[in-house]
Amino acid sequence: MKNPYDIIVQPHITEKSVALSYGDPKIRNEEELVRKYTFIVAHDANKIEIKQAIESIYNDGKKKDDAITVSSVRTIKVLGKKRRRGQRTGYEPTRKKAVITLGKGQMLEDYGV
């Protein structure tokens, strides 16, 4: 198995991803709240590896009652945009994002928000 820290590169913090991490504002009960988190992942990582990496990173040193479970993983391949620097043209690097959905009532404490 690959190192989980090689699979998960960094959290992707934007206004939209922070809003997803708070869950649906219509739901008042914390036990029913479903949260989603966005991460930049390695290009060659698949959904199963991403799920195992997130669970191993965030469940390290926790009890079974406090452990998180990933219910779904969605991946997005973001192509690099064309950019100019003076007369030269080039491309931004292509990256891969993963949107992680946790079980009901669960949250990541150190996501970066």
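Note that the coordinates shown come from a computational prediction; the quantities given were computed from them, not determined experimentally. In this chain, residues are counted from 1 in sequence order.
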Kindly list each side-chain donor-acceptor pair under 3.5 angstrom involving residues 95-102, sequence neighbours excluded, with atom names and distances?
{"from": "Lys96", "atom 1": "NZ", "to": "Ala45", "atom 2": "O", "distance (Å)": "2.6"}
{"from": "Thr101", "atom 1": "OG1", "to": "Ser72", "atom 2": "OG", "distance (Å)": "3.2"}

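- Residue Ile27 holds its CD1 atom at 8.0 Å from NZ of Lys104, rounded to the nearest 0.5 Å.
- Between the CZ atom of Arg74 and the OG1 atom of Thr38 there is a distance of 11.5 Å, given to the nearest 0.5 Å.
- Separation of atoms NZ (Lys16) and NZ (Lys36) is listed at 10.0 Å; rounding is to 0.5 Å.
- For the atom pair NZ (Lys51) and CD1 (Ile7), the distance works out to 14.0 Å, reported to the nearest 0.5 Å.
- In this structure the side chain of Val41 never reaches within 4.5 angstrom of the side chain of Thr75, judged on heavy atoms.
- Cluster membership for Val70 and Ile57, using ILVMFWY side-chain heavy atoms within less than 4.5 angstrom, is shared.
- Evaluation of the salt bridge (Lys or Arg N to Asp or Glu O under 4.0 Å) rule for Arg83 yields Glu92 as partners, not counting sequence neighbours.
- Across all non-hydrogen atoms, the minimal contact from Thr94 to Gly80 is OG1-N, 3.4 Å.
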Check against side chain to side chain contact (heavy atoms under 4.5 Å, CB included), His12 and Phe39: CA-CA 5 Å; His12 188 66; Phe39 292 93; 5.9 Å; no
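- Val18 places a side-chain heavy atom less than 4.5 Å from the side chain of Ile13.
- The local environment of CG in Leu79 is crowded, with over 12 non-hydrogen atoms from other residues, nucleotides or ligands closer than 6.0 Å.
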Stepwise salt bridge (charged side-chain N to carboxylate O under 4.0 Å, His left out) check, Arg35 with Glu30: CA-CA 10 Å; Arg35 301 179 198 289; Glu30 285 287 326; 3.0 Å; yes
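- By the ring-ring contact (aromatic ring centres under 6.0 Å, His included) test, Tyr37 pairs with Tyr111, sequence neighbours left out.
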Step-by-step side chain to side chain contact (heavy atoms under 4.5 Å, CB included) determination, Ile54 to Ile68: CA-CA 9 Å; Ile54 290 289; Ile68 64 161; 4.2 Å; yes
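- To the nearest 0.5 angstrom, Glu31 atom CD is 10.0 Å from Gln106 atom CD.
- The two residues Ser71 and Gly103 make their nearest non-hydrogen contact at OG-N, 4.3 Å.
- Counting heavy atoms of neighbouring residues, nucleotides and ligands inside a 6.0 Å radius, atom CG of Asn29 exceeds 12 of them.
- Once rounded to the nearest 0.5 Å, the distance linking OG of Ser21 with CE of Met107 reads 8.0 Å.
- The cluster map of Ile, Leu, Val, Met, Phe, Trp and Tyr, joined by side-chain heavy atoms under 4.5 Å apart, puts Ile40 and Tyr5 in different clusters.
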